[in-house]
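Working notes, beginning with the structure itself.
Atom set for the values below is all heavy atoms of this structure, side chains included, hydrogens, waters and symmetry mates excluded. Source: prediction; values computed, not measured.
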Amino acid sequence: MPETIEIQLKKGVLTLCVLALLNRRESYAYEIASTLSDAIDMGEGTIYPLMRRMQSDGQVETYLVESSSGPSRKYYRLTDAGRRALAAQTAEWRAFARAVETIVDVPAEPAAPSAQEGAE
């Protein structure tokens, strides 16, 4: 069964959403996953591989914060490359969304009479 458009859209904007969240404030993966789960119903397991890829791509960097209630947490913050990626992806998203809206919002044209109707 093919993926629904919703699943495809979520996958397509996931990096943008993570970059936007980290632009607001530094965070750890579970908190990011929870926010995305609440906002766009994105599965938690999707975030961890994405965070690793974003780190290897140089968009985020990590640091550890000690926790009094367990192991240290790995926090993520945007790098300059991450901020540039956010700006570029935001511009792409807005242009894409505007283009889709212009197509979706155009009212349907009245149906042309069929050749058979005209012959009657």
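One N or O on the side chain of K10 and one on the backbone of I40 form a donor-acceptor pair closer than 3.5 Å.
Note: R25 CZ to Y75 OH = 7.5 Å, rounded to the nearest 0.5 Å. Atom SG of C17 and atom CG of L22 lie 11.5 Å apart (nearest 0.5 Å). Rounding to the nearest 0.5 angstrom, the gap separating the CG atom in L9 from the CG atom in L14 is 12.0 Å. Note: M51 CE to T46 OG1 = 12.5 Å, rounded to the nearest 0.5 Å. Atom OG1 of T79 sits about 7.0 Å away from atom CD of Q59, to the nearest 0.5 Å. Here the straight-line distance linking atom OH of Y30 with atom OG of S37 works out to 8.5 Å at 0.5 Å rounding.
Here the closest non-hydrogen pair linking G82 and L19 is O-CD2, 3.8 Å. T62 and Q55 make their closest contact through OG1-NE2, 3.4 Å (heavy atoms, listed as atom of the first residue, atom of the second, distance). The two residues L86 and A20 have their closest heavy-atom pair at CD1-N, 3.8 Å. Taking every heavy atom of both residues into account, A81 and G58 meet most closely at CB-O, 3.5 Å. Shortest non-hydrogen contact noted between I47 and A29 is CG2-O, 4.0 Å.
Other residues, nucleotides and ligands contribute only 12 or fewer heavy atoms inside 6.0 Å of the CZ atom of F96.
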**Request:** List the steps, then state whether side-chain contact (heavy atoms from CB on, under 4.5 Å) holds for R53 with T15.
**Result:** CA-CA 10 Å; R53 192 190 84 229; T15 301; 3.2 Å; yes
**Request:** Carefully, step by step, assess L50 and M54 under the rule side-chain contact (heavy atoms from CB on, under 4.5 Å).
**Result:** CA-CA 6 Å; L50 174 64; M54 291 173 72; 3.7 Å; yes
**Request:** Please test V18 against L36 for side-chain contact (heavy atoms from CB on, under 4.5 Å), starting from the C-alpha separation and ending with a verdict.
**Result:** CA-CA 8 Å; V18 171; L36 290 174; 3.8 Å; yes
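Both L16 and V100 belong to a single network of hydrophobic side chains, linked directly or stepwise wherever heavy atoms of I, L, V, M, F, W or Y lie under 4.5 Å apart. Each of Y48 and Y76 belongs to its own hydrophobic cluster when Ile, Leu, Val, Met, Phe, Trp and Tyr are linked at side-chain heavy-atom distances under 4.5 angstrom. Cluster membership for Y63 and Y28, using ILVMFWY side-chain heavy atoms within less than 4.5 angstrom, is shared. Tracing side-chain contacts under 4.5 Å through hydrophobic residues (I, L, V, M, F, W, Y), one reaches V13 starting from V104; they form part of the same cluster.
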